[in-house]
Amino acid sequence: MELLVEPIMELVKCLWRSACTYLDHHSNFNEAVSDLRRERENLNSQKEEINSKVQDEVLWGRKRKREVESWLHDVQQINDEVDEIEGKIERVKWYSRGHLGKLVCRKIEVVKKIRVDGCFRDGLVDDRPPTRGVIMSNDNPVGEDSAKEKIRGYLVGNEVRKIGVCGIGGRLRFSYDRLNNFEIQSCFLYCSLFPEDYPFQTEGLVEGWIDEGLIDVLPSRKAAYDRGHAFLNMLVKKCLLEKTVNWGDDVFKMHDVMRDMAIKSIGPEFGYMVKARMKLTEVPEEHGWGNDLKKVSLMENKISKIPLGLCPKCPTLSTLILSNNDNLSEIPKSFFEGMPELKVLDLSQTGIETLPNSISNLEKLSSMRLSECYSLRYLPSLAKLTALKKLDLLWCDAVVVPQGMEKLISLEYLDLSCCGNLGESPVGMLSNLSKLQYLSVYLGLEIKGEEVAGLKKLETFECEFDDIQGYNHFVNSQDFRILTDYGIAVGPFGSELDQDIHQRKPVVKIHHWNLGDERIVLPDNLQRLKIVQCGNMRSGLNKAVLLEKATELRSCDIDECEDMECVVDLNSSSCLVLDKLEELHLCRLFELSVLVRVEGVATPLHVFSNLKRLSIELCSMRKLLPLELLQTFQNLEKICVRHCWDMEEIIASSDSDASSDKFTFPKLRILWLDDLPQLKSICSAKGVMVCDSIEQIGILKCRELKRIPVQLPLLDNGQPSPPPCLREIYVDRDAKEWWESVEWDHKNLLQPFLKYSPWS
């Protein structure tokens with residue numbers, strides 16, 4: 001009998017597991033179907049982006065790789081299989097949902113795997129060498145007119161694809177294929193509309209190309225951006241644009257030699273009038289505007305007025321750039337009356353106060369850029385501008401909501417951020433703008449969650465919500481899931497500007513709110529969370545917000561939450577998502593006593609296991625890192641503790657004073673301790689810190705600290721040596737006596753790295 005019991009029990013367990021799995025698939029059927037559809041949509045977007053990039057490369061004589069061909073075949077095959085499942089979903093009986101749900105879950109994993117396989121890190125195409133070319137004589141330098149004329153001839157001709165130019169202007173190389181690649185040629189010529197040495201940033205340049213219609217209509221703005229990035233990379237690769245880095249951002253400039261030749265090649269006979277940064281005080285007189293003009297740039301001049309009655313006859317003009325004329329305050333009604341084909345109008349960064357009513361009749365207008373027109377108060381009715389795709393009113397602080405906004409049915413890009421005079425959104429306005437892909441109303445238009453929940457094409461979103469219910473409603477909606485970039489502030493309208501919202505790396509900021517009234521739902525793709533001046537945070541972050549969904553959270557800032565006593569309470573299961581957190585910044589938490597509350601629970605080793613940067617400032621903690629959690633901090637790269645006047649220990653001591661623990665931080669690069677007047681020890685009396693990757697140590701205004709426990713690594717011969725990456729050790733300028741008295745084994749080896757801080 002006993003011999004039968006065990007196999008019977010195993011059989012029962014197996015049947016029980018199968019039943020539980022079936023019930024799980026049955027109860028989660030609808031959610032699984034939604035997940036499959038979403039993953040399939042993401043896969044197909046990825047396919048479109050890859051196809052777009054491949055098309056761009058093929059234009060330059062390159063061939064799609066075999067693995068890309070195979071991947072596209074897999075995408076088509078899984079699409080066919082999902083189509084088959086969709087048919088079954090429509091016919092499935094209620095009691096059969098468990099079996100079909102199991103199949104749906106399997107297909108979700110297949111789709112995810114194909115998406116991962118689609119990350120072609122080694123490129124999408126194989127390079128092909130050019131098949132023909134013409135070699136110019138290098139007898140004449142590029143500065144001589146004869147050489148320039150030859151180059152001009154090749155530029156406007158059809159025979160030569162690549163031209164190499166070497167000379168005083170620098171080494172240039174570019175391709176021309178009548179620069180079959182009209183899009184690339186047009187993107188390059190667009191840059192000629194701007195002044196010499198104009199610094200293009202990636203977003204502004206790609207947006208300009210989109211406005212001009214130089215990037216084909218694609219299913220999403222992200223796909224258009226990817227195509228724009230491909231064009232930009234081609235122009236850089238062919239040395240038509242120069243790439244530099246300024247404050248961490250890519251900046252592109254057009255070589256002055258290339259710009260001079262391009263402007264001469266596309267002069268009046270091509271319909272271009274470029275008079276950018278030429279110190280003009282007035283626009284050209286009427287006879288200076290040709291009937292065949294297509295693009296005019298008068299940007300960065302000193303134009304202060306446009307004469308009354310001036311009416312240039314420009315029946316084919318499509319682009320007019322008047323930006324950065326700070327003193328231009330008024331435009332007469334007649335000015336636009338002879339421009340019926342105008343599509344792009346740029347008046348950004350001008351002193352314009354009102355726009356003439358003739359703007360209302362520009363029915364072909366597709367882009368109107370008015371950003372940073374701080375004096376702008378009035379726009380005429382926009383009701384007739386049904387072709388308008390972009391309206392940019394960023395920092396137009398005095399403007400009110402224009403009439404006819406709800407008629408802009410083609411609008412894809414709307415920026416009303418930092419427009420403090422707009423007030424509430426007119427009822428029904430946003431719901432009519434169903435094609436919006438980019439919407440920014442941060443510190444501008446006041447909107448409700450339900451107003452944006454129906455914008456099914458929205459990809460980029462910046463806004464404020466003044467009620468948690470509206471915010472939660474939007475985050476829980478299906479339409480939120482398609483957002484790729486967003487910056488959302490939750491709290492009273494009219495708070496101070498936060499640049500992190502504009503950076504839009506999926507970030508949510510909660511401010512000036514009592515989080516006990518209702519828990520806040522965090523998006524599942526959220527990367528950065530900021531909590532500022534919020535109440536009822538006593539029991540920790542995971543008791544105040546719903547962390548369960550925020551599985552991609554990478555950075556968290558908490559500032560001025562005065563009643564917060566701990567950051568995380570391990571009694572809550574929602575702390576599980578913190579294993580992916582990489583940055584934690586805490587500031588002005590005057591009741592904070594512990595980082596993690598661990599009393600009465602087993603310590604999970606995954607909490608903070610990926611934390612790289614820990615910054616604590618103006619907090620009341622006495623001990624920073626609890627001994628129970630040290631194993632979870634193995635990925636720490638930076639520890640910065642400043643102005644914490646009660647801090648006594650960095651690593652909490654164990655009960656035994658005789659402890660000789662070794663604390664290992666294998667990736668720690670920066671240890672910065674500043675203005676900690678009560679700090680007596682970094683770790684236990686006999687403990688040591690092993691951090692062989694350390695690069696910088698700063699110990700400032702910590703005069704009670706008697707011992708630095710950083711252990712020096714040993715060479716092969718057993719002798720101690722400074723850490724191999726160490727660059728500098730900063731102490732106070734007046735701390736020479738303290739440095740001489742502080743204990744640090746083999747301190748004499750570190751003397752060459754000692755520097756006296758200029759900040760103390």
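All residue numbers refer to positions in the sequence shown, counting from 1.
- Shown are Leu439, Leu393, Asp392; of these, the side chain to side chain contact (heavy atoms under 4.5 Å, CB included) with Leu414 is made only by Leu439.
- In summary, the side chains of Glu648 and Gln678 do not present any donor paired with an acceptor at a separation below 3.5 Å, with no hydrogens or angles considered.
- Annotation for Asn717: atom CG counts as buried by contact number, over 12 foreign heavy atoms lying within 6.0 Å.
- Put simply, the side chain of Arg707 gets close to the backbone of Ala685: a donor and an acceptor are under 3.5 Å apart.
- Closest heavy-atom contact between Leu595 and Leu586: CD1-CD1, 3.7 Å.
- Distance alone, capped at 3.5 Å, places no donor-acceptor pair between the Asp557 side chain and the His585 backbone.
- Checked by atom type, the side-chain pair Asp732/Trp739 shows no donor-acceptor distance below 3.5 Å.
- With Arg613 contributing its side chain and Leu611 its backbone, the two residues share no donor-acceptor pair below 3.5 Å.
- A side-chain donor-acceptor contact under 3.5 Å links Gln696 and Glu728.
- Using a 4.5 Å heavy-atom cutoff, the side chains of Cys556 and Leu584 are in contact.
- Taken from CG in Asn536 to CG in Asn514, the straight-line distance is 5.0 Å, to the nearest 0.5 Å.
- Side-chain atoms of Gln46 come within 3.5 Å of backbone atoms of Arg115 as a donor-acceptor pair (strictly under, hydrogens ignored).
- Between the side chains of His511 and Gln533, no donor-acceptor pair of N or O atoms lies under 3.5 Å.
- Partner Phe665 forms a side chain to side chain contact (heavy atoms under 4.5 Å, CB included) with one of Leu630, Val710, Ile694, Leu671 and no other, that one being Leu630.
- Within a 6.0 Å sphere centred on NZ of Lys680, other residues, nucleotides and ligands contribute more than 12 heavy atoms.
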Verdict with reasoning, Val596 to Val594, per side-chain contact (heavy atoms from CB on, under 4.5 Å): CA-CA 6 Å; Val596 180; Val594 292; over 6 Å; no
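- Looking at Ser620, its side chain does come within 3.5 Å of a backbone N or O of Phe590 through a donor-acceptor pair.
- Residues Ile651 and Ser684 have side chains not in contact (no heavy-atom distance under 4.5 Å, counting atoms from C-beta outward).
- One finds the CG atom of Leu676 at 11.5 Å from the CD atom of Glu704 (value rounded to the nearest 0.5 Å).
- Neither side chain, Gln469 nor Tyr471, offers a donor N or O lying under 3.5 Å from an acceptor on the other.
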CA sep, side-chain torsions, deciding dist, call: Trp645, Asp675, side chain to side chain donor-acceptor pair (under 3.5 Å): CA-CA 7 Å; Trp645 301 309; Asp675 193 17; 3.0 Å; yes
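- Looking only at distances, no side-chain donor or acceptor of Gln751 sits under 3.5 Å from a matching main-chain atom of Asn748.
- Distance alone, capped at 3.5 Å, places no donor-acceptor pair between the Asp661 side chain and the Gly687 backbone.
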Take Lys448 and Phe465 through the test side-chain contact (heavy atoms from CB on, under 4.5 Å) and record every step on the way to the result. CA-CA 7 Å; Lys448 303 296 182 184; Phe465 287 105; 5.9 Å; no
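- Other residues, nucleotides and ligands place no more than 12 heavy atoms under 6.0 Å from the NZ atom of Lys243.
- A 4.5 Å side-chain heavy-atom check between Trp672 and Ile639 finds every atom pair outside the cut-off.
- For the atom pair Leu749 CG and Gln719 CD, the distance stands at 9.0 Å (nearest 0.5 Å).
- In the displayed structure, Glu562 atom CD is contacted under 6.0 Å by at most 12 heavy atoms of other residues, nucleotides or ligands.
- Note: Leu541 CG to Met564 CE = 5.5 Å, rounded to the nearest 0.5 Å.
- Between the side chain of Lys747 and the backbone N or O of Glu740 there is at least one donor-acceptor pair closer than 3.5 Å.
- Using modelled atom types and a 3.5 Å distance limit, the side chains of Asn635 and Lys667 yield a donor-acceptor pair.
- Between the Ser593 side chain and the Glu565 main chain, a donor and an acceptor come within less than 3.5 Å of each other.
- Aromatic ring orientation, Phe474 versus Phe461: perpendicular (interplanar angle above 60°, classes split at 30° and 60°).
- For the pair Arg221 and Glu459, the tightest heavy-atom approach, listed with the atom from each and the gap, is N-OE2, 2.7 Å.
- Taking 4.5 Å as the limit, some side-chain heavy atom of Leu673 sits within range of a side-chain heavy atom of Ile682.
- In this structure, CD1 in Ile482 is found 9.5 Å from CD in Gln437, a value given to the nearest 0.5 Å.
- Checked against Leu668 for a side chain to side chain contact (heavy atoms under 4.5 Å, CB included), the options Lys638, Met689, Glu637 give a single hit: Met689.
- Between atom CD of residue Glu464 and atom CD1 of residue Ile488 there is a gap of 11.5 Å, rounded to the nearest 0.5 Å.
- Side-chain polar atoms of Asp498 and Tyr442 form no donor-acceptor pair below 3.5 angstrom.
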Test log, rule ring-ring contact (aromatic ring centres under 6.0 Å, His included), inputs Phe753 and Tyr730: CA-CA 8 Å; Phe753 302 94; Tyr730 280 104; over 10 Å; no
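- Checked against a 6.0 Å centroid threshold, the rings of Phe480 and Tyr486 count as neighbours.
- Residue Glu737 places its CD atom among 12 or fewer non-hydrogen atoms of other residues, nucleotides or ligands, all under 6.0 Å distant.
- In this structure, the side chain of Asp467 engages the main chain of Gly470 through a donor-acceptor pair within 3.5 Å.
- Side-chain contact between Glu462 and Tyr438 is present, with at least one heavy-atom pair separated by less than 4.5 Å.
- For the pair Leu455/Val452, a side-chain contact is recorded, criterion being any heavy-atom separation below 4.5 Å from C-beta on.
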